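Keep in mind that this is a model prediction, so the values were computed, not measured. Proteins come first, then strands; the chains are lettered A, B, ... in the order of their sequence lines, and each starts at number 1.
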Amino acid sequence: MSRRGLPSNIRFYNICIHAFGKWRRLDMSLKLFAAMKTASPPLVPDICTHNSLIRALVVGARVADALVVYDEMKSFGIEPDVFTYRAIVDGCCKSFRMDDALRLFQEMRGSYGVKGDVVVYNSLLDGLFKAKKLDEACGFFETMVADGIQCSASTHNTVIDGLFKNGRAEAACRLFYDLRRKGQLLDGIAYSIMVREFCKEGKGDQVAEAVELMKEMEERGFAVDLVTVTSLLIGFNKSRRWDLEEQIVKFIRDSSVLPDAIRWKSNMMSALQGPQDREKDGTSIFPFDGNIDDVMSLVNPVVCTGANEETPKDEPKDDWCLSPHLDHLAKHADHLNSSAIFTIDRGQRVQGMGAKTFDADMVNTYMSIFLAKGKLSVACKLFEIFTTLGRKGTSYTYNSLMTSFVKKGYLKQVWAILHERGGQLCPNDIATYNLIIQGLGQMGKAEVAGSIISELSKKGVYMDIVMYNTLINQLGKAGKVDEANSLLEQIIGRGIKPDVVTFNTLININAKAGRLKEADKYLRKMIAEGIAPNYATETILVFLDKEIEKKRQQPR
DNA sequence: TTGAGAACAG
């Protein structure tokens, strides 16, 4: 085939680079970038090209590279615009680089005089809340208003969620009910957040309240979607309020949730298909009428068979090299995809397929999918929820799942990771990865988990607090309490705020190791940080008290 | 640009 059919204009390349970035094919985006050089006539990357590449790097969890490209782009005289900032600020926030994010934000307002839009502001706001910088987040919200930015529903959702997750439940509720009363800028996601909160503790009356909210959602025309239903199911499970089950089953049966559930299933299915089907992913949804093969040939050029009316081979190249760093990345494009173990985004959504019933068959499907992905605890939870929901006929039992699948499912993934064969199994979900780390711990391989994490951290892969908490716990259980303790500084050094679980874990492992002074130190530190204890803290403190008492009774 | 599902005790 020839490359003749391909449009050789910048817009075409930009759209392709953008699309491949979205599909997590950073390698393709970079190859297309490199191919612009050899196009005939050669194309000079513009602001859109750079924006698309920065976004692709961010999606591929290469935020550090994105920052370099951003700097280079400026130094070549291309002025960043609001899309640049949307991408790069979002990337920094999602990887806890809040200092970078704020610096870029100031740069945007200052030297480049770009008027940021509500998206950029929301991104920063969310980042601050997620980094547990409550005061700064509230301050930033004021800045936003002062800058004359019109709040959106997402802004409010971000604030409501952020307040809840930073221990300000009353404030969050006040905001929600206020907005509800005024009937403005409130969408289904706000309801979903409220439902989650009501279900979280598993207190019966609160869960009942959540059901009422769900009904109101429905009445107002907001979709009661799978996320909301999942929260509710978990609430039912915790509270044992299966009397409420009737209502939700009804909703599942005849509301808009069903298509969502199916979409979720097909999403998981396609995630399971494995890397060998990735090429196909590109073909089936490629948005052009043109032939995908033409694009592929552009990426992996083949010798033209037909007449050679256009031979750009001796064209003077490299005169326009606007980004040495991008060139460098493009040369190693193949390597890039496998090294990005997981990405910044959460699970990707895939379009739904035909209608099916929400029955035992589907339950089994869910189970096998989660088990195959190594999500054992999710599988167990779902199993519990669905069986209690009353659909008869799953032949699985809790215990046999535990024993038979953990080893098979888990070890396979652990093996793949250990051998750095990202291609074999590519968990691009951080929760999956956390489960692998957890599995390693159960196998008594805390050091392996530790070295994997430090390896990842060297590569600049972003890690969240859950992953650190898991590792701290494992090191503690393996008797490496000093190493565990030292992780706290590492966490803080990365701009991540330790949370209640971090401190619970630290107190617990130190107490268990007989280091009562250390345990006490962490308890004080937790209080000093203004972190509220939770139900687990209580149990741990009871243990700590007993240990202290023991020590007192047998002095020396 | 926002919401679940992963981590701490027993």
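- Following rounding to the nearest Å, A/Lys165 (NZ) and B/dT2 (P) show an atom-to-atom distance of 11 Å.
- A donor-acceptor pair under 3.5 Å is absent between the side-chain atoms of A/Asn166 and the main chain of A/Arg168, judged by distance alone.
- Look at CD1 on A/Ile189: it is 10 Å from P on B/dA4, rounded to the nearest Å.
- Contact annotation: A/Asn473 reaches the phosphate of B/dC8 (side-chain N/O to OP1 or OP2, under 4.0 Å).
- Distance, A/Phe129 CZ to B/dT1 P: 19 Å, rounded to whole Å.
- Side-chain atoms of A/Lys94 lie closest to B/dT1 of the nucleotides B/dA4, B/dT1, B/dC8.
- A cation-pi arrangement is not found for A/Lys525 relative to A/Phe503, the charged atom failing to lie both closer than 6.0 Å to the ring centre and inside a 45° cone about the ring normal.
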| task | Decide ring pair (Phe, Tyr, Trp, His ring centres under 6.0 Å) for A/Phe105 and A/Phe140; before the verdict, give the C-alpha distance in whole Å, the side-chain angles of both, and the deciding distance to 0.1 Å. | result | CA-CA 11 Å; A/Phe105 175 72; A/Phe140 185 78; 5.2 Å; yes
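- If you run side chain to side chain contact (heavy atoms under 4.5 Å, CB included) between A/Val118 and each of A/Ser152, A/Ser123, A/Cys151, only A/Ser152 comes through.
- Regarding contacts with the backbone of B/dG5, every side-chain N or O of A/Lys200 stays at 4.0 angstrom or more from both OP1 and OP2.
- OP1 or OP2 of B/dA9 sits under 4.0 Å from a side-chain N or O of A/Asn508.
- Note on A/Arg196: every side-chain N or O is 4.0 Å or more away from OP1 and OP2 of B/dG3.
- The side chain of A/Lys512 places an N or O atom within less than 4.0 Å of a non-bridging phosphate oxygen (OP1 or OP2) of B/dG10.
- Among the nucleotides B/dA7, B/dG3, B/dT1, the one closest to the side chain of A/Asp499 is B/dA7.
- For A/Arg86 and B/dT2, the CZ to P distance is 12 Å, given to the nearest whole Å.
- Ranking B/dT2, B/dA7, B/dC8 by closeness to the A/Ala536 side chain, first place goes to B/dC8.
- Distance A/His156 NE2 to B/dG3 P: 16 Å, rounded to the nearest Å.
- Crowding of A/Glu538 atom CD: a count of heavy atoms from other residues, nucleotides or ligands under 6.0 Å not exceeding 12.
- Looking at heavy-atom distances under 4.0 Å, A/Thr505 makes contact with sugar-phosphate atoms alone, never a base.
- Side chain of A/Asn508 to backbone of A/Asn504: no donor-acceptor contact under 3.5 angstrom is found.
- Note on A/Ile193: only backbone sugar-phosphate atoms sit closer than 4.0 angstrom, heavy atoms only; bases stay farther off.
- Taking only side-chain atoms of A/Lys477, from C-beta outward, the nucleotide of B/dA7, B/dA9, B/dT2 with the closest atom is B/dA9.
- Between the CG atom of A/Asp161 and the P atom of B/dT1 there is a distance of 16 Å, rounded to whole Å.
- When the side-chain nitrogen and oxygen atoms of A/Lys546 are compared with OP1 and OP2 of B/dA9, none of them lie within a distance under 4.0 Å.
- Between the CZ atom of A/Phe198 and the P atom of B/dA4 there is a distance of 16 Å, given to the nearest Å.
- Contact annotation: A/Arg55 reaches the phosphate of B/dT1 (side-chain N/O to OP1 or OP2, under 4.0 Å).
- When distances are taken from the side chain of A/Thr470 to each of B/dT2, B/dA9, B/dA7, the shortest belongs to B/dA7.
- The A/Thr539 side chain lies nearest to B/dG10 when the options are B/dA7, B/dG10, B/dT2.
- Going from atom OH of A/Tyr85 over to atom P of B/dT1 covers 17 Å, rounded to whole Å.
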